Amino acid sequence: MADKLSSRELEERLADLNGWSVEEGKLKRVFKFADFVRAFGFMTSAAMEAEKLNHHPEWSNVYNKVTVHLVTHEARGITGLDFKLAKKMDALA
């Protein structure tokens, strides 16, 4: 199991991500795409990466927007695994 990051570690890692914030103890980002098909395509690609990591996002899709929340429930907080998935999602977007 991954260890929950300290506040300092969280701040340092968050500085390396664009568009991500911490809300209610979870990493959050809203991705915007040209249309629904591109948003759904992103979700499909991200799902494959999440499955490889065995780490699954909390997310929703409305038309061209995908809202993502990442947290490691077993650690009761944000871990390095959440940041790893966030970076993969950024690369896919």
Side-chain angles (χ1 to χ4, degrees):
M1 178 175 84
D3 292 327
K4 180 179 174 180
L5 298 174
S6 69
S7 296
R8 182 174 180 224
E9 290 170 318
L10 186 56
E11 287 179 31
E12 288 172 357
R13 290 185 184 212
L14 196 57
D16 292 335
L17 293 178
N18 290 322
W20 291 87
S21 61
V22 175
E23 289 186 19
E24 298 180 13
K26 300 174 184 179
L27 283 181
K28 178 187 178 187
R29 180 166 178 191
V30 177
F31 292 92
K32 294 181 183 176
F33 299 91
D35 54 35
F36 175 75
V37 171
R38 286 182 178 81
F40 195 83
F42 164 77
M43 291 181 79
T44 302
S45 297
M48 301 302 279
E49 293 300 322
E51 188 65 19
K52 288 177 191 175
L53 294 172
N54 193 30
H55 190 60
H56 306 95
E58 297 173 9
W59 57 4
S60 63
N61 165 242
V62 177
Y63 183 57
N64 69 332
K65 294 179 188 174
V66 178
T67 302
V68 178
H69 293 97
L70 300 176
V71 65
T72 304
H73 294 284
E74 296 152 348
R76 296 185 177 169
I78 299 168
T79 68
L81 193 54
D82 298 299
F83 279 92
K84 188 173 187 174
L85 184 53
K87 288 181 181 182
K88 288 187 180 286
M89 289 178 155
D90 285 346
L92 291 169

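Small disclaimer: the values here were computed from a predicted structure and weren't measured.
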Subject >> Residues, nucleotides or ligands: over 12 heavy atoms within 6.0 Å of Phe40 CZ >> reply: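 Open: at most 12 neighbouring heavy atoms sit under 6.0 Å from CZ of Phe40.
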Original post:
Any chance CG of Asp35 has more than 12 other-residue heavy atoms, nucleotides or ligands included, within less than 6.0 Å?
Top reply: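 Enclosed: over 12 neighbouring heavy atoms sit under 6.0 Å from CG of Asp35.
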Original post:
Where the side chain of Asn61 meets the backbone of Lys65, is there a donor-acceptor pair that is under 3.5 Å apart?
Top reply: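 Present.
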Original post:
Any donor-acceptor pair under 3.5 Å linking the side chain of Asn64 with the backbone of Lys32?
Top reply: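 Pair absent, no side-chain N/O of Asn64 close to backbone of Lys32.
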**OP:** Could you check Leu5, Leu10, Leu53, Leu27 and say which one makes a side-chain contact (heavy atoms from CB on, under 4.5 Å) with Asp82?
**Re:**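 Passing option: Leu27.
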Original post:
Hey, mind stepping through Thr72 and Lys4 against side chain to side chain contact (heavy atoms under 4.5 Å, CB included) and telling me if it holds?
Top reply: CA-CA 8 Å; Thr72 304; Lys4 180 179 174 180; over 6 Å; no
How far does [atom1] of [X] sit from [atom2] of [Y], to the nearest 0.5 angstrom?
X	Y	atom1	atom2	answer
Lys84	Glu49	NZ	CD	10.0 Å
Lys88	Ser45	NZ	OG	12.5 Å
Phe83	Leu70	CZ	CG	9.0 Å
Met43	Leu92	CE	CG	12.5 Å

**OP:** Take Trp20 and Met89 through the side chain to side chain contact (heavy atoms under 4.5 Å, CB included) test and state the conclusion after the steps.
**Re:** CA-CA 11 Å; Trp20 291 87; Met89 289 178 155; 4.2 Å; yes
**OP:** Measure the shortest side-chain to side-chain distance between Lys87 and Arg13 over non-hydrogen atoms and say whether it is less than 4.5 angstrom.
**Re:**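 Side chain of Lys87 against side chain of Arg13, heavy atoms only: no contact under 4.5 Å found.
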**OP:** Using a 4.5 Å cut-off on heavy atoms from C-beta on, say whether the side chain of Asp90 contacts that of Phe31.
**Re:**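 The answer is yes; the side chains approach within 4.5 Å.
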Original post:
Are Leu17 and Val71 connected in a single hydrophobic cluster, I mean Ile/Leu/Val/Met/Phe/Trp/Tyr linked by side-chain heavy atoms less than 4.5 Å apart?
Top reply: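 In one cluster: no.
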**OP:** Indicate, with yes or no, if Val30 and Ile78 share a hydrophobic cluster defined by side-chain heavy-atom contacts under 4.5 Å among Ile, Leu, Val, Met, Phe, Trp and Tyr.
**Re:**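 Different hydrophobic clusters.
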